[in-house]
Amino acid sequence: MEKNEYKITINAPREKVWETLWNDATYRAWTAPFSADSHAKTDWQQGSKVLFLDGNGNGMASTIAENRPNEFMSIRHLGVVKNGVEDYDSEESKKWGNGFENYTLKSVPGGTELVVDMGADSIPAEYKDYFAQTWPKALNKLKELAESN
């Protein structure tokens with residue numbers, strides 16, 4: 001199965017990168033390239049629901065499949081959200097097909113390597129180019145945030 005993988009090395013310890021990934025204020029900042037009003041409603045705990053939303057209440061309904069702090073987060077996408085309403089049964093929702101989005105942090109010389117991977121089945125074909133262009137922008141913003149202070 002083909003993976004869509006995005007990598008960046010950040011000059012900060014894993015703990016700082018982890019905090020920058022999942023803290024509400026910094027999450028909103030680094031995910032802004034996906035949507036200017038991007039935010040997540042969740043406690044980030046394993047088994048918890050997470051709604052990834054834009055300012056209009058549209059986005060993804062997911063669950064935290066695995067959470068190993070400062071090391072690995074796996075998010076399973078289950079459906080879409082339209083105008084604040086969760087949808088798990090429409091054709092659009094089924095396109096995401098229980099896809100995963102995984103974040104792996106490794107200590108490397110010079111800081112932390114972050115790898116975000118999504119399997120080929122995790123991204124509907126019409127979004128592949130969008131993600132290929134947008135993930136690098138988001139990861140560069142994450143790097144900027146984690147390396148500051």
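- Both Phe131 and Met73 are members of a single hydrophobic cluster when ILVMFWY side chains are connected at heavy-atom separations under 4.5 Å.
- Within the 3.5 Å criterion, the main-chain N or O of Met118 finds no donor-acceptor partner in the side chain of Glu101.
- In terms of heavy atoms, Thr63 sits closest to Ser48 at OG1-O, 3.1 Å.
- Annotation: side chain of Lys7 is in contact with side chain of Glu113 (closest heavy-atom distance under 4.5 Å).
- The backbone N or O of Asn58 sits nowhere less than 3.5 Å from a side-chain atom of Asn83 that would complete a donor-acceptor pair.
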How far apart are the C-alpha atoms of Glu5 and Val116, what are their side-chain angles, what is the distance that settles it, and do they pass the side-chain contact (heavy atoms from CB on, under 4.5 Å) test?
CA-CA 6 Å; Glu5 190 172 86; Val116 180; over 6 Å; no

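- Rounding to the nearest 0.5 Å places CG of Asn23 at 10.5 Å from CH2 of Trp44.
- Side chain of Thr112 to main chain of Ala12: a donor-acceptor pair is present (N/O by atom type, distance under 3.5 Å, no hydrogens or angles).
- Between the OH atom in Tyr27 and the OG atom in Ser38 there is a gap of 4.5 Å [rounded to 0.5 Å].
- Looking only at side-chain heavy atoms (C-beta outward), Leu105 and Glu71 stay at 4.5 Å or farther from each other.
- A salt bridge links Lys141 with Glu144; the closest basic N to acidic carboxylate O contact falls under 4.0 Å.
- Formation of a donor-acceptor pair under 3.5 Å by the Ser148 side chain with backbone atoms of Leu145 is found in this model.
- Lys49 and Glu86 are joined by a salt bridge, as a carboxylate oxygen and a charged side-chain nitrogen come within less than 4.0 angstrom of each other.
- Side-chain atoms of Asp87 and Ser93 form no donor-acceptor pair, as typed in the model, at a separation below 3.5 Å.
- Heavy-atom minimum distance, Ala146 versus Lys16: O-CE, 3.2 Å.
- Under 4.0 Å is where a charged nitrogen must lie from a carboxylate oxygen, and between Glu92 and Lys82 at least one such pair does.
- Ser90 and Val80 make their closest contact through OG-CG2, 4.4 Å (heavy atoms, listed as atom of the first residue, atom of the second, distance).
- Between Trp22 and Tyr103, the distance from one ring center to the other falls under 6.0 angstrom.
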Taking it one step at a time, do Phe52 and Ser35 satisfy side-chain contact (heavy atoms from CB on, under 4.5 Å)?
CA-CA 10 Å; Phe52 296 102; Ser35 173; over 6 Å; no

Applying side-chain contact (heavy atoms from CB on, under 4.5 Å) to Trp135 and Ile8, what does each step give before you reach the verdict?
CA-CA 10 Å; Trp135 267 112; Ile8 195 162; over 6 Å; no

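- A donor-acceptor distance shorter than 3.5 angstrom exists from the side chain of His39 to the backbone of Asp37, with no hydrogens or angles considered.
- In this structure, NZ on Lys106 lies 10.0 Å from OG1 on Thr9, to the nearest 0.5 angstrom.
- In summary, of the residues considered (Asp24, Val50, Leu53), a side chain to side chain contact (heavy atoms under 4.5 Å, CB included) with Lys41 occurs for Leu53 alone.
- Looking at Thr20 and Leu142, their side chains come closer than 4.5 Å, going by heavy atoms from C-beta outward.
- Side chains of Leu78 and Ser62 form no contact here, defined as non-hydrogen atoms less than 4.5 Å apart.
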Begin with the C-alpha distance, continue with both residues' side-chain angles, and end with the deciding distance and a verdict on side-chain contact (heavy atoms from CB on, under 4.5 Å) for Tyr6 and Leu139.
CA-CA 8 Å; Tyr6 312 96; Leu139 292 179; 3.7 Å; yes

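- Taking all atoms of both residues into account, the shortest heavy-atom contact from Asn102 to Ser74 is OD1-OG, 2.5 Å.
- The closest side-chain heavy-atom distance from Leu21 to Leu114 is below 4.5 Å.
- Across every non-hydrogen atom of Gln45 and Ile64, the tightest pair is O-CB, 3.3 Å.
- Counting heavy atoms from C-beta outward, Lys128 and Asn4 have side chains that approach closer than 4.5 Å.
- Pairing each heavy atom of Ala138 with each of Phe34, the nearest pair is CB-CE1, 3.5 Å.
- Remark: the backbone N or O of Pro69 is not paired with any side-chain donor or acceptor of Trp18 at under 3.5 angstrom.
- Between the Arg76 side chain and the Phe100 main chain, no donor and acceptor come within less than 3.5 Å of each other.
- Looking only at side-chain heavy atoms (C-beta outward), Lys94 and Tyr88 stay at 4.5 Å or farther from each other.
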